[in-house]
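Side-chain atoms are counted along with the backbone in the values below, which use heavy atoms only and exclude waters and symmetry mates. Naming convention: chains lettered A, B, ... in sequence-line order (proteins, then strands); numbering from 1 in each chain.
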There are 2 protein chains.
Amino acid sequence: MLPRQVIRWPAWIFQASPEWWRTACVLGTSVGQQRWPSFPWRLCSAPAFRGCHSTVPRVPGVMLTSERYPVQRLPFSMVSEEDLAAFERIIPGRVVTDPADLEVANVDWLRTVRGCSKVLLRPRTTEEVSCILRHCHQRNLAVNPQGGNTGLVGGSVPVFDEIILSTALMNQVISFHDVSGILLCQAGCVLEELNHYVQERGFIMPLDLGAKGSCHIGGNVATNAGGLRFLRYGSLRGTVLGLEVVLADGTVLDCLTSLRKDNTGYDLKQLFIGSEGTLGVITAVSILCPPRPKAVNVAFLGCPGFTEVLQVFSTCKGMLGEILSAFEFMDAECMQLVGQHLHLTRPVQESPFYILVETSGSSGDHDAEKLDGFLEKALDSGLVTDGTVGTDQRKVQVLWSLRERITEALSHDGYVFKYDISLPVERLYDLVIDLRTRLGPSAKHVVGYGHLGDGNLHLNVTAEAFSTALLAALEPYVYTWTAAHRGSVSAEHGLGFKKKDVLGYSKTPAAVQLMGQLKALLDPKGLLNPYKTLPACA
Amino acid sequence: MLPRQVIRWPAWIFQASPEWWRTACVLGTSVGQQRWPSFPWRLCSAPAFRGCHSTVPRVPGVMLTSERYPVQRLPFSMVSEEDLAAFERIIPGRVVTDPADLEVANVDWLRTVRGCSKVLLRPRTTEEVSCILRHCHQRNLAVNPQGGNTGLVGGSVPVFDEIILSTALMNQVISFHDVSGILLCQAGCVLEELNHYVQERGFIMPLDLGAKGSCHIGGNVATNAGGLRFLRYGSLRGTVLGLEVVLADGTVLDCLTSLRKDNTGYDLKQLFIGSEGTLGVITAVSILCPPRPKAVNVAFLGCPGFTEVLQVFSTCKGMLGEILSAFEFMDAECMQLVGQHLHLTRPVQESPFYILVETSGSSGDHDAEKLDGFLEKALDSGLVTDGTVGTDQRKVQVLWSLRERITEALSHDGYVFKYDISLPVERLYDLVIDLRTRLGPSAKHVVGYGHLGDGNLHLNVTAEAFSTALLAALEPYVYTWTAAHRGSVSAEHGLGFKKKDVLGYSKTPAAVQLMGQLKALLDPKGLLNPYKTLPACA
């Protein structure tokens, strides 16, 4: 999970040392965020290679993906002057070729992968997207659809010179219905702006995530974003009512209904939710917004063991029921790190585990009463040893910051190996315990925290510095362990470019094969977001 | 929607007159349920036809589908003695060929369509299903997967002599996790039994429907059942976490995870939810169960107009928020009919519209207080003119019966033309008004009721008797009107056999084409539930 308040380009990025970048290059998916002495900017040196334009300037410190990873460019056409002229006719004045302007769009948010596209297109309408894709299909040109470029697995930027198709100008609300709460909008609307829009009308968006200030709703849907409201409002697969999608050949697939119930044929929109732009380009979204809660409370609790954490969750679901909106946990080492590195004060007695419970409801008094009843039971039964409650916005934020700033604290602790895993809830913490034994003193800290309510573990291992031995002890062990417990090696971040090769740990060969067949059916030339989501063999 | 308490084979069925069946045959999708004088049983006379075994006895009063509808048998193989022997080796003692035993499985619940299968298979395991389908695939034998056979659109019975593959013996709970509420079970578990099972453990199934005493969870998922808990717990697309499916060639597709979050590749299980057994046979389901509510209240309200109904819905969502679990409406004519034919007493003043609001929550006192606050506001503002509240189980049932027994009352009023439509909520009642004007005195009653919270209208037109002129005034007008307002011609019942040809009213040609491509990809021989869901041209 991203922190709620995301700094678009964090300051530490610009202090990254050559050593840090070197190890990041080796690691790939295990990018660290630490020990960045103030070395000068480094321009990655790289040989010229097919498909990357030599005049595209290098973003300091970010190595080209094609240099970092063993990936070969597929035989797509190169963008020609004639292509640019054709695009200019389709979207006059919105064909971006200035190398400086392309820099940001070629590099991912984490600054770990970098493409070398030489053209970015900014359509405003579905028809323009359709014309662009039809042209690309005829010309065998690869396309990288891009929303807010906030993805964490390298799915939102080109790998080579794919044309970047940005939804940034497709940012219009089409309609909002203030009885049903159904919002219809273009794919490029920024999530936070949509949330403001519907909040003014008494609703909220059914999803919230740290990148909300930049991410686009089309990208959220394309990556099946989870986030902070998942426990309460569920998956986008239930709240997205309709989609408009342009297929690889330019065909507009209009599934943009605003109906809660529609059982006429196969639900085609589901194909595109979570397919990361590899099956079609989402151009418009119809989504169901829940009513805005009138009251929000947060309780922060100390807990004697993980068994008790699970029992508290069970009690909580029973007693808070419909008002429970978040159930997060963190272990003692997380709390130690936020205290040590960020000087945040522990609000309760020292405990092996801590829990953050959030309620959101339509009556402040009722919610507080329910929460009090739950806390009394939890304390009396010994499941919880200490607790504090925040009902005003300031204290709610202070308590949330203990959970949300763990990532930041970890980044101060050393080199960080990061994993985002789903597991059956009863096994959620076993991997952390297991790894502590396995790694011994070679790891500085092995910590576990995350969305317990969603079965989503953020597993982080810190060390004094990057170590290939430690990496070898972690991978593929973490993936194998997860697979053995029928977990997911990517709970909410998707596969993108960086994780596509670990798909097989969570999906059977038959499933991977069917995925490949779906890709071949919908995009037979493989033009849409190539090198992403599916392993090369699928 | 079905009534909550379904009589498995209603008594009136066995009193159906030849005239009634004749008109039902003509109507197809607009089957009436009225005026069944106690005529003796009628055996439909039909010529022998290819694919139907002459020794299969005729179920009284139910005409063979192949006689009623203009449908041609596709060139599948016929079941041979060698096939039966092969099946007997796979599932010893569970190959049903006795004609009397096949009667029930060949006829749909509404007794409007009838196949002439001569073999029904009762596997217990996924492996057995896999072996059966592999054999059928090799032999080019068509298969009709069947759950509880409670569908309303002829999707659950064979059209010709397809092999009936019953999930009735696949009725084992595999696991239930009492912290997360995740249930893993075989596809043939009966919904009501599952609900009892999880209720004992403090949870409820996320769906409930009238046919719960018979329907199978696999069938629910295959038809994407909606039902009574949809407003609160949402679609099966969000609550179903995993599926195990056997594909047409016998391949077992294991997507049976029990994870709330899993973003590794395309979400293949979504293909099978709502595909009515045409893309694969669901053999096991993993589903998220919500905690069991501690309190249920019902308010029954009189409302001066449909505009006010919408405003009450809006107010209701804002004030009841998280405890709102149903919002049903019915018009004055519905109330008149339940009074006239069933002698149910109107609990509030006579009004143009009536609303039933249900709350389900974790605190009876809090819920009652919220409901009182909402009612006070609704009455003070004039949106509601009268109301009554039921908090004990008996009164809750009495109030629900006014809504649930409308179907029964209609059946006493004359011949009934029935439509189940989704529309944008603000247009939900316009079609009823429009039809009253259009039909004039040729219709006895035009009534509208349904799940307003889900945008789901049950539109019913009664007449003294079936009339082709009235049918011509209704169809395709109702479908065209629905299409013009971007509605769905099948909100929750699916398409099955009887509605497959109206798919084009709710889906674009590009969408229908893609559906056909998906069918061809997953079932290239077209063996699974043929003649269903997709129009022949798709």
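Listed options Thr239(A), Leu231(A), Thr257(A) were ranked by heavy-atom pairs under 4.5 angstrom with chain B; first place goes to Leu231(A). The candidate from Phe203(A), Phe230(A), Phe313(A) with the greatest count of non-hydrogen atom pairs under 4.5 Å with chain B is Phe230(A). Listed options Pro291(A), Ser422(A), Gly318(A), Ser506(A) were ranked by heavy-atom pairs under 4.5 angstrom with chain B; first place goes to Ser422(A). Top candidate by heavy-atom pairs under 4.5 Å with chain A, chosen from Ala511(B), Gly321(B), Ser314(B), Ser362(B), is Ser362(B). The residue among Leu310(A), Leu514(A), Ile182(A), Thr508(A) with the most heavy atom pairs within less than 4.5 Å of chain B is Leu514(A). When each of Ser275(B), Gly238(B), Ser235(B), Ser490(B) is scored by its heavy-atom pairs under 4.5 Å with chain A, the top score falls to Ser490(B). Here Lys294(A) is the residue among Glu276(A), Lys294(A), Gln311(A) with the most heavy-atom pairs under 4.5 Å with chain B. Put simply, of Leu495(B), Leu259(B), Asn224(B), the one with the most heavy-atom pairs under 4.5 Å next to chain A is Leu259(B). Ranked by heavy-atom pairs shorter than 4.5 Å toward chain A, the options Leu518(B), Thr251(B), Leu522(B) are led by Leu518(B).
If you measure heavy-atom distances from Lys500(B) to chain A, you find no contacts under 4.5 Å at all. Both the backbone and the side chain of Lys317(B) come within less than 4.5 Å of a heavy atom of chain A. Heavy atoms closer than 4.5 Å to chain A are found in the side chain of Leu521(B), but not in its backbone. Both the backbone and the side chain of Leu256(B) come within less than 4.5 Å of a heavy atom in chain A. With a 4.5 Å cut-off on non-hydrogen atoms, Leu288(B) does not touch chain A at all. Of the two parts of Thr223(B), only the backbone, made up of N, CA, C and O, holds a non-hydrogen atom closer than 4.5 Å to a non-hydrogen atom of chain A. Looking at Val489(B), both its backbone and its side chain come within 4.5 Å of chain A, counting heavy atoms on both sides. In this structure, no portion of Tyr233(B) lies under 4.5 Å from any heavy atom of chain A. Residue Asp365(B) does not touch chain A at all, counting heavy-atom pairs closer than 4.5 Å.
For the atom pair CD (Glu244(A)) and CG (Leu184(A)), the distance works out to 9.0 Å, reported to the nearest 0.5 Å. Expressed to the nearest 0.5 Å, how far CG of Leu428(B) lies from CG of Asn456(B) amounts to 8.0 Å. Taking OG1 of Thr359(A) as the start and NZ of Lys370(A) as the end, the distance is 9.0 Å to the nearest 0.5 Å. Note: Lys507(B) NZ to Met515(B) CE = 4.5 Å, rounded to the nearest 0.5 Å. Atom NE2 of His451(A) sits about 13.5 Å away from atom CZ of Phe327(A), to the nearest 0.5 Å. Rounding to the nearest 0.5 Å places OG of Ser363(B) at 7.0 Å from NE2 of His366(A).
Side chain to side chain, Ser180(A) and His177(A) meet the donor-acceptor criterion of an N or O pair below 3.5 Å. Looking only at atom types and distance, the side chain of Ser360(B) has a donor-acceptor partner in the side chain of Ser325(B) under 3.5 Å away.
A salt bridge links Asp254(A) with Arg486(B): the distance from a Lys NZ or Arg NE/NH1/NH2 to an Asp or Glu carboxylate oxygen falls below 4.0 Å. A salt bridge is absent between Asp454(A) and Arg232(A); no separation between the charged side-chain nitrogens and carboxylate oxygens falls under 4.0 Å.
Looking at Asp367(B), its side chain does come within 3.5 Å of a backbone N or O of Gly361(B) through a donor-acceptor pair. Remark: side-chain polar atoms of Asp523(A) are not paired, donor with acceptor, to backbone N or O of Gly280(A) under 3.5 angstrom. Under a 3.5 Å cut-off, the side chain of Lys519(A) and the backbone N or O of Leu534(A) do not form any donor-acceptor pair. When atom types are taken as modelled, the side chain of Lys532(B) and the backbone of Gly155(B) share a donor-acceptor pair closer than 3.5 angstrom. In this structure, the side chain of Ser130(A) does not engage the main chain of Val252(A) through any donor-acceptor pair within 3.5 Å.
Residue-level contacts of residues 261-273 of chain A with chain B, in order of numbering, are Lys261(A), Asp262(A), Asn263(A), Thr264(A), Gly265(A), Tyr266(A), Asp267(A), Leu268(A), Gln270(A), Leu271(A); threshold 4.5 Å between heavy atoms.
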